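Notes to accompany the following structure.
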Amino acid sequence: VTVREAAPYLGGRLHTRTERLRPGTFRVEHGLHMWFHQYYCFADILTRLGVDNRFRPFEEVYFEFKTYKPEVIRSNGPYPLNLMGILKDSPNLNLLDAAGTFGAIGDIIFYDHDSNFRRFDDETFEAWGRRTRVDRTFWDIIMEPAASVTLNSKSRISAAEMLLYMHLFFIGHPKAFRRRVTTTDHGTAVIDPWAARLQSLGAAIQLAAPVPGLRIEGGRAVGVVGEASRYDHVVLAADVPGVRRILEGSQPFDDTSARALSGVRSFVRGLGIAPPY
């Protein structure tokens, strides 16, 4: 296995860089990341890497507002006790606020994945909030912060996408509100041991090694343009602009490959790109 990374570091948004300053050398993270209970695949990876001891519970988040009292959002108890606890402990919210938001809460509580995008993908999260008459205080304290830290643009992201995330992060599991953070930097806690494990299994990791394009033969990717190595399988784990660049630089070597590449290029050109986060 060969892992190729265009950046000079591993980890993407989870990367840690080294800064050498006058007081000393520091490892600096891209930003805060929390591991939620329902990150099942990632939890399995962390256990297999033997790094669970590098994490601790992170069960409350502190918010400051311009026009409301500060809030401490705690994740005590399974759903729905955790949400009821938020209302009980809040200096800004009460049960009447939640009752006034019943139309919106109904869409959240009775989330249905099979019909979610058909019902809500044609309106923005902000428009959905207006249509369901979400109580202003409830929106400001609970929903807008959730949108801001998850998907960033409530005026552009679809209501279906946001309802999916709210289901995943708040009510999809009795322990959905629980989360953990690392006790050290992300590189030391996760990325470095992960890379070391891959290398111990024989994988080669190449940094600052962007892929200019793929060689397509027989309708499948077999290698990198301009390079002789052949691969049994190729996995693209880039963002949408990165996938577009790789596909636009790819070369087909037969008619079947030309048709396959054309179809994939057309599909990827139509994918949307989220606002900068």
Side-chain angles (χ1 to χ4, degrees), residues 1-17 29-31 33 39 41-42 45 113 116-118 120-127 147-165 168-169 186-187 190-191 194-195 198 203-277:
V1 174
T2 299
V3 178
R4 295 190 47 154
E5 170 56 60
Y9 47 75
L10 291 172
R13 295 286 175 93
L14 201 61
H15 77 267
T16 300
R17 69 183 189 276
E29 299 158 332
H30 172 80
H33 187 81
Y39 288 180
C41 294
F42 215 131
I45 290 169
H113 189 70
N116 179 52
F117 281 86
R118 174 174 52 80
F120 301 111
D121 199 34
D122 61 348
E123 64 181 337
T124 67
F125 182 56
E126 190 172 56
S148 297
V149 301
T150 304
L151 297 170
N152 202 39
S153 179
K154 61 186 181 299
S155 62
R156 292 179 60 186
I157 200 71
S158 89
E161 193 79 9
M162 195 61 213
L163 288 169
L164 167 65
Y165 274 79
L168 175 66
F169 287 111
H186 296 155
V190 181
I191 300 302
W194 201 346
L198 291 175
I205 297 178
Q206 301 175 5
L207 300 180
V211 173
L214 299 172
R215 302 198 320 269
I216 314 295
E217 298 178 10
R220 57 186 295 272
V222 298
V224 177
V225 169
E227 300 179 13
S229 297
R230 294 181 66 88
Y231 301 98
D232 297 322
H233 304 281
V234 173
V235 176
L236 290 183
D239 57 15
V240 171
V243 172
R244 285 177 180 169
R245 286 193 296 270
I246 292 171
L247 291 177
E248 292 305 321
S250 297
Q251 297 178 4
F253 286 84
D254 51 65
D255 291 342
T256 298
S257 299
R259 289 192 296 271
L261 180 58
S262 176
V264 175
R265 280 173 174 168
S266 177
F267 174 79
V268 172
R269 287 191 193 111
L271 293 177
I273 300 175
Y277 182 71

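Note that the coordinates shown come from a computational prediction; the quantities given were computed from them, not determined experimentally.
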Notebook entry, point to check: Can you name the nearest heavy-atom pair linking Pro212 to Val225, along with the distance?
Noted result: CG-O, 3.9 Å

Checklist line | Heavy-atom pair of closest approach, residues Leu10 and Glu5 | finding: CD2-CB, 4.1 Å

Next item on the list: Taking all heavy atoms of Leu214 and all of Ala221, pick out the closest pair and write down the distance.
Entry: CD1-CB, 4.0 Å

Notebook entry, point to check: Got a salt bridge between Arg269 and Glu248, using NZ or NE/NH1/NH2 to carboxylate O under 4.0 Å?
Noted result: yes

Check: Does a sphere of radius 6.0 Å around NE2 in His113 hold more than 12 heavy atoms from other residues, nucleotides or ligands, not counting ones at 6.0 Å or beyond?
Finding: no

Notebook entry, point to check: Under 30°, 30 to 60°, or over 60°: which ring-plane class applies to Phe169 and Tyr39, parallel, tilted or perpendicular?
Noted result: perpendicular

Checklist line | Derivation and outcome, side chain to side chain contact (heavy atoms under 4.5 Å, CB included), residues Ile191 and His15 | finding: CA-CA 7 Å; Ile191 300 302; His15 77 267; over 6 Å; no

Note to self: Ignoring hydrogens, what is the shortest heavy-atom contact between Val240 and Gly272? Give both atom names and the distance.
What the structure shows: CG2-O, 4.3 Å

Item checked: Inter-residue atom distance Met162.CE - Phe120.CZ, 0.5 Å rounding -> 14.0 Å

Next item on the list: With sequence neighbours excluded, tell me which residues meet side chain to side chain donor-acceptor pair (under 3.5 Å) with Arg220.
Entry: none

Next item on the list: Would you check, one step at a time, whether the test side chain to side chain contact (heavy atoms under 4.5 Å, CB included) holds for Val264 with Val268?
Entry: CA-CA 6 Å; Val264 175; Val268 172; 4.2 Å; yes

Item checked: Residue pair Val224 / Arg215: nearest heavy atoms and the distance that separates them -> O-NH1, 3.2 Å

Notebook entry, point to check: What pairs with Gln206 under side chain to side chain donor-acceptor pair (under 3.5 Å), at least two apart in sequence or on another chain?
Noted result: none

Check: Is it true that Glu29 and Arg13 make a salt bridge, defined as a side-chain N closer than 4.0 Å to a carboxylate O?
Finding: no

Note to self: Between Tyr9 and Arg17, does the side chain to side chain contact (heavy atoms under 4.5 Å, CB included) criterion hold? Intermediate values first, please.
What the structure shows: CA-CA 7 Å; Tyr9 47 75; Arg17 69 183 189 276; 5.5 Å; no

Next item on the list: Compare every heavy atom of Asp121 with every heavy atom of Ser158, then report the nearest pair and how far apart it is.
Entry: OG-OD1, 2.8 Å

Next item on the list: List in chain and number order the residues that pass side chain to side chain donor-acceptor pair (under 3.5 Å) with Ser257, two or more places apart in sequence or in another chain; answer none if no residue qualifies.
Entry: Asp254

Margin query: When you measure from the side chain of Ser250 to the backbone of Ile246, do you find a donor-acceptor pair of N or O atoms at a distance under 3.5 Å?
Written below: yes

